[in-house]
Amino acid sequence: MRLATWNVNSIRTRVDRVTDWLARADVDVLAMQETKCSDEQFPTMPFAALGYDVVHCGFNQWNGVAIASRIGIDDVAVGFDGQPTWSDKPDVEAAAEARALGATCGGVRVWSLYIPNGRTVDSAHYVYKLQWLAALRETAASWLADDPSAPIALVGDWNIAPTDDDVWDVEFYRGSTHITEAERAAFGAIVDAGFSDVVRPFTPGPAVFTYWDYTQLRFPKNRGMRIDFILGSPTLAERVTHAEIVRAERKGKQPSDHAPVLVDLVDP
DNA sequence: ATGGTCGCCAAGCGA
């Protein structure tokens with residue numbers, strides 16, 4: 001099973017590129033973020049033509065997350081607890097309910113996550129980001145407490161660079177979101193709960209990124225950030241045979257500002 | 001082998 005995640009930065013603008021890559025890369029399950037469309041606007045047909053089922057969850061009027069699968073989609077859930085409510089408010093009460101879409105595909109529970117950006121460290125959105133991550137940790141830890149052998153993948157755009165090696169110039173980002181100790185601790189707490197970065201062992205080294213700003217020739221100069229992750233529960237992690245960041249998909253005409261990230265899993 | 005924001009939609013704003 002080949003599982004991928006990709007912040008597509010508008011699926012309607014990018015649908016040809018995304019579906020072309022799905023077919024070419026032989027992807028079974030793709031989690032998308034920043035679809036930038038309503039549920040009604042999602043272009044289902046190009047995916048269906050390739051044999052993929054799609055579920056989409058708009059988390060505000062115009063943005064959302066999605067999962068496309070050619071091996072079936074079961075048990076769809078929105079929010080960490082499966083409650084079909086969502087909100088984009090920077091609000092504690094909403095923290096556990098937004099920007100998450102879960103589906104069981106081929107026996108694996110896949111969560112397509114768009115962690116709140118946080119904007120600036122002095123904003124309510126930053127507080128919300130940290131609360132959202134804490135809520136995710138609580139809920140994900142409870143899943144493993146209920147069933148330590150559950151194969152679960154937490155994938156998406158985390159909007160956190162976990163180490164200084166994961167940004168092109170840490171001094172450039174000093175005082176900004178994505179690199180603060182609090183965000184890194186929140187990410188680390190989810191790793192400590194049993195969800196490991198299953199891509200990193202296959203993509204070692206500094207200056208290995210998944211996102212490059214559109215401005216300032218950041219991509220040709222490889223000035224990016226590693227903020228898109230596939231975190232796996234223990235039984236999922238032990239099934240990983242290969243992983244890569246598909247840098248080639250950041251090239252060419254009308255790319256997303258993120259590259260897709262993929263893993264291959266052997267059957268259990 | 002990649003190039004100087006982009007995408008939402010029609011002005012800025014969010015990323």
**OP:** Please report the shortest heavy-atom distance between A:Cys37 and A:Arg12, naming the atom on each side.
**Re:** CB-NE, 3.7 Å

Subject >> Mutual orientation of the aromatic rings belonging to A:Phe202 and A:His242 [parallel < 30°, tilted 30-60°, perpendicular > 60°] >> reply: perpendicular

Subject >> DNA chain B contacts made by residues 170-181 of chain A, counting heavy atoms under 4.0 Å >> reply: none

Subject >> Member of A:Asp26, A:Val29, A:Asp53, A:Leu22 meeting the side chain to side chain contact (heavy atoms under 4.5 Å, CB included) criterion with A:Arg70 >> reply: A:Asp26

Original post:
Between A:Arg226 and A:Phe187, is NZ or CZ placed under 6.0 angstrom from the six-membered ring centre and within 45° of the ring axis?
Top reply: no

**OP:** Using atom CH2 of A:Trp212 as one end and atom P of B:dC6 as the other, report the distance to the nearest whole Å.
**Re:** 17 Å

Original post:
If the P atom of B:dT2 is compared with that of B:dC6, how far apart are they to the nearest Å?
Top reply: 16 Å

**OP:** Examine B:dA1: is either OP1 or OP2 under 4.0 Å from a nitrogen or oxygen in the side chain of A:Lys251? Give yes or no.
**Re:** yes

Original post:
Taking OP1 and OP2 of B:dG7, is either one under 4.0 Å from a side-chain nitrogen or oxygen of A:Arg14?
Top reply: yes

**OP:** Round to a whole Å and report the spacing from CD of A:Gln41 to P of B:dC8.
**Re:** 9 Å

Original post:
In whole angstrom, what separates A:Arg12's CZ from B:dC6's P?
Top reply: 18 Å

Subject >> Pairs touching residues 127-140 of chain A that satisfy salt bridge (charged side-chain N to carboxylate O under 4.0 Å, His left out), sequence neighbours left out >> reply: A:Lys129-A:Glu183

Subject >> Residue A:Thr13, side-chain heavy atoms: nucleotide from B:dC9, B:dC8, B:dG3 that is nearest >> reply: B:dC8

Subject >> Pairwise P distance for B:dC9 and B:dG14, with rounding to whole Å >> reply: 16 Å

Subject >> Step-by-step salt bridge (Lys or Arg N to Asp or Glu O under 4.0 Å) determination, A:Asp264 to A:Arg2 >> reply: CA-CA 4 Å; A:Asp264 290 325; A:Arg2 176 162 278 188; 2.7 Å; yes

Original post:
Closest nucleotide of DNA chain B for A:Gln254 versus for A:Phe219: which of these residues is on the 5' side?
Top reply: A:Phe219

**OP:** Over 60° means perpendicular and under 30° means parallel, so classify the ring planes of A:Phe172 and A:Trp168, tilted if in between.
**Re:** tilted

Subject >> Atom of A:Leu144, atom of A:Ser233 and distance for their closest heavy-atom approach >> reply: CD2-CB, 3.9 Å

Original post:
Rounding to a whole Å, what distance do you find between A:Arg250:CZ and B:dG3:C1'?
Top reply: 11 Å

Original post:
For A:Asp213 and A:Thr215, does a side-chain donor sit closer than 3.5 Å to a side-chain acceptor?
Top reply: yes

Original post:
For the residue pair A:Phe42 and A:His56, does the interplanar ring angle fall in the parallel (under 30°), tilted (30 to 60°) or perpendicular (over 60°) class?
Top reply: tilted

Original post:
How many Å lie between CZ on A:Arg247 and C1' on B:dA1, as a whole number?
Top reply: 11 Å

Using nucleotides 12-15 of chain B, report all nitrogen or oxygen pairs with the protein that are shorter than 3.5 Å.
residue, atom, partner, partner atom, Å
B:dA15, OP2, A:Arg119, NE, 3.1
B:dA15, O3', A:Glu34, OE2, 3.4
B:dA15, O3', A:Tyr114, OH, 3.4

**OP:** Would you mind classifying the nucleic acid contact of A:Ser10 as base, sugar-phosphate or nothing, using non-hydrogen atoms under 4.0 angstrom?
**Re:** sugar-phosphate

**OP:** Mind calculating the distance between CZ (A:Arg223) and C1' (B:dG4) to the nearest angstrom?
**Re:** 12 Å

Original post:
Using a cut-off of less than 4.0 Å, is there contact between a side-chain N or O of A:Gln216 and OP1 or OP2 of B:dT5?
Top reply: yes

**OP:** Using the C1' atom as the reference point in each nucleotide, state the distance between B:dA11 and B:dG7 in Å, no decimals.
**Re:** 13 Å

Original post:
Looking at B:dT5, B:dC9, B:dG3, which one has an atom nearest to any side-chain atom of A:Pro220?
Top reply: B:dG3

Subject >> Distance, C1' atom - from B:dC8 to B:dG4, rounded to whole angstrom >> reply: 22 Å

